[in-house]
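Hydrogens, waters and symmetry mates play no part in the numbers below; they use all other heavy atoms, side chains included. Whatever order the structure lists ligands and atoms in, that order sets their numbers, starting from 1.
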Amino acid sequence: MRRNIVAGNWKMNLDYEKGVSLFSEIVNMVKDEIVGDQQVVVCSPAIHLYSVAKLSTGVNNVAVGAQNIHQAESGAFTGELSATQVKSTGADYVILGHSERRAYFGETDASLVEKVDAALAHDLTPIFCIGETKEERESGKFFDVIESQLTNAVFHLNADQFSKLVLAYEPVWAIGTGLTASPEQAQEVHAFIRKTVATKYDQNVADNTSILYGGSCNPGNAKDLFSQTDIDGGLIGGASLKSRDFLDIVKVFNAK
Ligand code: 13P
């Protein structure tokens, strides 16, 4: 079901104590300040998952996610985590296809197909990331890139399975650079994504898909971005490491 979601991606930041303490602050602020039904998701490093999931138990609106899974069920894959293991911590979400994993860890559409399937098989909601590089934007090929990322990694799903995904448009050139896509640029791509989903499935599936924007989103630009018709929230990197900034982004939806 389409819903407003603000997800934090802590990436490889925060030791165990600092992560638990930031999460506690976030939970308390959500309890005090959130009046809407927006979903808050914190995607922490694996070391925090069990503890932060415990802290989120029974707290309306707050859920926890991982940043990656391995596609296999179990076995000799040193250093990896399976969907079952992540789910057993109490996490409900997993980021898949983040551009940093595609660029630095060789993640391909083919491995993402298997990861998406593994996540869904274990009741983890994938936050599936797509987005073009700077060169792809400048050459005008970005719609093709996005269409092929969807076609090759998630369009094997049937409509029921696809409805369980959250999509995140993260232009690579906007991640960690301070260069945010303008609300118009982001809306243009979000509308394209929704149209592509409608063509593959149907309008109802497309209208019920949550599509988040990610890339240098902060308390100063979130309102203009989230007020666009096809933007249902954000996937937040740097600003999710500061409880006040993160909550101010989440609170954009209080006013709606
Ligand atoms: P920044 O918000 O730091 O640009 O990171 C975005 C991101 O990659 C979230 O997944």
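- With hydrophobic clusters built from ILVMFWY side chains whose heavy atoms lie under 4.5 angstrom apart, Ile130 shares a cluster with Leu112.
- Between Ile211 and Val197, the closest side-chain pair of non-hydrogen atoms is not below 4.5 Å.
- Using a 4.0 angstrom heavy-atom cutoff, Ala174 counts as in contact with ligand 1.
- Taking a cut-off of under 4.0 Å to the non-hydrogen atoms of Gly215, the atoms of ligand 1 that pass are 4 (O), 6 (C).
- Residue-to-ligand polar distances place Glu170 within reach of ligand 1: an N/O pair is separated by less than 3.5 Å.
- Residue-level proximity to ligand 1 for Asn9 is carried by the side chain, the only part with a heavy atom below 4.0 angstrom.
- Considering backbone and side-chain atoms together, Leu235 places no N or O closer than 3.5 Å to any N or O of ligand 1.
- Of the polar atoms of Ile175, none of the N or O atoms is found under 3.5 Å from an N or O of ligand 1, judged by distance alone.
- Ring planes of His48 and Tyr16: parallel class, angle under 30° (limits at 30 and 60°).
- Residue-environment remark: CD (Glu17) stays at or below the threshold of 12 foreign heavy atoms within 6.0 Å.
- Leu167 and Phe253 fall within a single hydrophobic cluster, where Ile, Leu, Val, Met, Phe, Trp and Tyr are joined by side-chain heavy atoms under 4.5 Å apart, directly or via other members.
- Using a 4.0 Å heavy-atom cutoff, Ala239 is absent from the residues neighbouring ligand 1.
- Residue Gly237 places at least one N or O, backbone or side chain, under 3.5 Å from an N or O of ligand 1.
- Note: His190 and Tyr213 have tilted aromatic rings, judged against thresholds of 30 and 60 degrees for the angle between ring planes.
- Residue Cys129 does not touch ligand 1, judged by heavy-atom distances below 4.0 Å.
- At the shortest separation from atom 3 (O) of ligand 1 among protein heavy atoms lies Gly238 N, 2.8 Å.
- Taking 4.0 Å as the cut-off between side-chain N and carboxylate O, Lys195 and Glu147 do not count as a salt-bridged pair.
- Counting heavy-atom neighbours within 6.0 Å of Tyr50 OH, excluding the residue itself, gives a total of 12 or less.
- Proximity of Ser216 to ligand 1 is established by a heavy-atom distance of less than 4.0 Å.
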